[in-house]
Amino acid sequence: MNELKDKKILIGVTGGIAAYKVVEVVSRLKKLGAEVKVVMTRSATEFIAPRTFQEITKNPVSVEMFSETVNYHVEHIALANFADLVLIAPATANFLAKAAHGIADDLLTTIILATPAPLMIAPAMNTLMLEHPATKNNIEILKQRGAKIIDAETGLLACGTSGKGRLAEPENICAEIVKFFAPKNLAGKKILVTAGGTVEPIDPVRFIGNRSSGKMGYEIAKAAQFHGAEVILISGNATVEPPANVKFIKVETAEQMRTEVLKEFDSVDAVIMSAAVSDYRPKTIYPQKIKKSNENLTIELVKNPDILKELGQLKKNQLLVGFAAETANIISYAKDKIDEKNLDFIVANDVTQEGAGFSVDTNIASIITRDGEIENCPKMSKTELAEKIILRVAERL
């Protein structure tokens with residue numbers, strides 16, 4: 001999904017050591033489809049060469065106020081009018097002071113005064129500088145004018161101390177930009193997504209699990225966030241990193257997932273249960289590793305709670321979406337689940353098909369509604385299928 005296709009983003013880089021992290025920001029934005037141009041202050045060029053940004057963006061990097069014009073316009077006006085969004089990262093205390101008080105003594109600060117585009121600012125500096133009343137006041141002024149501040153993070157700083165002041169991680173900055181441009185058809189809605197596979201311990205070493213990678217659920221969480229929803233992601237074992245800026249809850253067993261889902265259920269507008277929840281668990285969990293012997297080993301299994309069915313019994317106005325990973329009789333089993341578990345619709349797939357199911361980046365599925373409508377989705381990326389699912393959720397909400 002090219003979330004930022006045809007979006008034009010101007011990035012202002014100021015003179016902080018965190019300038020090197022903006023290289024990854026630019027790279028990620030390009031991969032998301034954005035056209036990116038970079039403006040650097042003179043101080044920023046002491047930390048990173050303009051050519052680095054030039055090679056990634058395939059656009060010239062601007063530094064000086066009085067350089068050649070662009071399309072017969074003065075450069076700062078041309079760049080100011082280019083942008084759909086202006087991002088300043090890292091934003092130093094010096095930049096914040098000048099931007100707050102309308103000082104335009106270089107190309108970047110002049111662009112800030114000339115652009116009609118929204119402004120997003122990611123500060124980075126020493127903790128004491130960030131917490132100084134002057135800096136706090138300058139940030140507050142910029143907020144009141146409509147600037148979006150991406151808060152600095154806490155950790156080890158370049159000066160050798162530890163505290164708040166680190167530039168937000170590139171994935172978090174990009175997530176904020178994607179969120180800014182996203183269609184807001186789920187704005188004000190809270191979506192709960194479960195993902196990954198649960199595991200049931202046998203002893204301290206062994207467990208019963210499944211092949212789920214979590215990829216489908218994580219893509220659904222991203223798509224819901226992209227469309228403006230507040231997202232809670234409850235995940236079992238997964239092979240991928242959770243998306244930035246969601247409420248992420250890690251669990252292991254089916255019982256743990258049930259507990260966390262029920263905690264959140266009353267507060268959400270929709271639940272999408274894409275997790276592969278273990279149907280059974282060992283009746284006895286051995287406190288020590290079971291030693292191998294010459295005898296066969298018998299492990300008695302007991303049934304796990306059916307979380308989806310319980311939600312179907314409890315739901316009031318919530319939209320409830322289930323998944324059916326099957327190996328035979330796909331549609332009939334899925335339709336039975338809709339009735340049995342009181343679902344609004346279900347996503348069913350045959351995990352034996354090539355390009356569908358666990359671990360791969362693609363899926364082949366059918367979306368089946370309570371009234372019997374079936375949409376067959378041919379082989380596509382899990383990102384694309386997630387978008388289809390979320391658009392159906394948005395329509396119904």
Side-chain angles (χ1 to χ4, degrees), residues 8-27 29-30 34-70 73-83 85-126 129-130 132 134-135 137-139 141-142 145 147-152 157-159 165-168 170 173-174 177:
K8 297 177 179 178
I9 300 172
L10 182 67
I11 297 184
V13 184
T14 70
I17 187 63
Y20 78 93
K21 293 171 74 173
V22 185
V23 175
E24 185 179 347
V25 174
V26 173
S27 177
L29 294 176
K30 289 288 291 180
E35 181 181 357
V36 182
K37 292 186 178 181
V38 174
V39 175
M40 302 178 72
T41 64
R42 289 183 188 176
S43 296
T45 64
E46 297 293 325
F47 293 95
I48 191 164
R51 181 173 293 277
T52 303
F53 290 116
Q54 185 172 313
E55 290 298 322
I56 297 173
T57 64
K58 308 304 179 189
N59 282 316
V61 175
S62 302
V63 179
E64 298 295 339
M65 179 70 184
F66 300 106
S67 60
E68 37 182 83
T69 58
V70 179
H73 294 287
V74 177
E75 187 167 13
H76 69 275
I77 299 299
L79 288 168
N81 290 333
F82 156 81
L85 174 71
V86 177
L87 167 70
I88 310 298
T92 61
N94 183 56
F95 170 83
L96 293 171
K98 291 195 289 187
H101 296 283
I103 296 171
D105 62 353
D106 62 9
L107 178 59
L108 182 57
T109 51
T110 304
I111 288 170
I112 296 305
L113 287 185
T115 185
L119 182 61
M120 198 172 278
I121 300 173
M125 65 197 74
N126 170 269
M129 295 175 71
L130 183 65
H132 193 283
T135 304
N137 186 56
N138 291 332
I139 289 174
I141 290 171
L142 291 165
R145 289 193 198 137
K148 164 67 179 176
I149 305 297
I150 303 175
D151 286 339
L157 305 177
C159 57
R166 287 174 59 89
L167 181 69
I173 293 174
C174 292
I177 293 173

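We use all heavy atoms of the structure for the numbers below, so side chains are in, but hydrogens, waters and symmetry mates are not.
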Novice: Between T135 (side chain) and M129 (backbone), is there a donor-acceptor pair under 3.5 Å?
Specialist: yes
Novice: Quick one: closest heavy-atom pair of T109 and A104, and the distance?
Specialist: OG1-CA, 3.4 Å
Novice: Mark yes when over 12 heavy atoms from residues, nucleotides or ligands other than R51 sit less than 6.0 Å from its CZ; otherwise mark no.
Specialist: no
Novice: Quick one: are N59 and V38 in side-chain contact, heavy atoms under 4.5 Å?
Specialist: no
Novice: Looking at side-chain heavy atoms only, is the closest gap between N138 and H101 below 4.5 Å?
Specialist: yes
Novice: Distance from I112 atom CD1 to F95 atom CZ, nearest 0.5 Å?
Specialist: 4.5 Å
Novice: So with a 6.0 Å cut-off around NZ of K8, is the heavy-atom count from everything else above 12?
Specialist: no
Novice: Roughly how far, to the nearest 0.5 Å, is CD1 of I56 from NZ of K30?
Specialist: 10.0 Å
Novice: Evaluate the side-chain proximity of P123 to I88: yes if any heavy-atom separation is below 4.5 Å, no if none is.
Specialist: no
Novice: Roughly how far, to the nearest 0.5 Å, is the CD1 atom of I11 from the CE atom of M120?
Specialist: 11.0 Å
Novice: Using the side chain to side chain contact (heavy atoms under 4.5 Å, CB included) rule, pick out the option among I173, L167, I48 that qualifies with V22.
Specialist: L167
Novice: Backbone N or O of I111 within a donor-acceptor pair of the T115 side chain at under 3.5 Å?
Specialist: no
Novice: So do M125 and L130 actually touch side chain to side chain, heavy atoms under 4.5 Å?
Specialist: yes
Novice: Return the minimal non-hydrogen interatomic distance between V36 and T57, and the atom names on each side.
Specialist: O-CB, 3.3 Å
Novice: Look up atom CD in E35 and atom CG in L10, then write down how far apart they are to the nearest 0.5 Å.
Specialist: 10.5 Å
Novice: To the nearest 0.5 Å, how far apart are CD1 in I150 and CG in L87?
Specialist: 6.0 Å
Novice: Sub-3.5 Å donor-acceptor pair from the side chain of R42 to the main-chain atoms of G15, do we have one?
Specialist: no
Novice: Can you measure from CD1 (I9) to CG (L29) and round to the nearest 0.5 angstrom?
Specialist: 4.5 Å
Novice: Short question: side chain of N126, backbone of G165 - any donor-acceptor pair under 3.5 Å?
Specialist: no
Novice: Identify the heavy atoms of G12 and L108 that sit nearest to each other, and give their distance.
Specialist: CA-CD1, 3.8 Å
Novice: Is V39 close to V86 at the side-chain level, that is, under 4.5 Å between some pair of heavy atoms?
Specialist: no
Novice: If you take all heavy atoms of I141 and A100, which pair is closest and at what distance?
Specialist: CG2-O, 3.7 Å
Novice: Do you know which two heavy atoms are closest between F47 and A19, and how far apart they sit?
Specialist: CB-CB, 4.3 Å
Novice: I'd like to know if the side chain of T14 and the backbone of P90 have a donor-acceptor N/O pair within less than 3.5 Å.
Specialist: yes
Novice: For M40 and P50, which heavy atoms make the closest approach, and how far apart are they?
Specialist: SD-CA, 3.7 Å
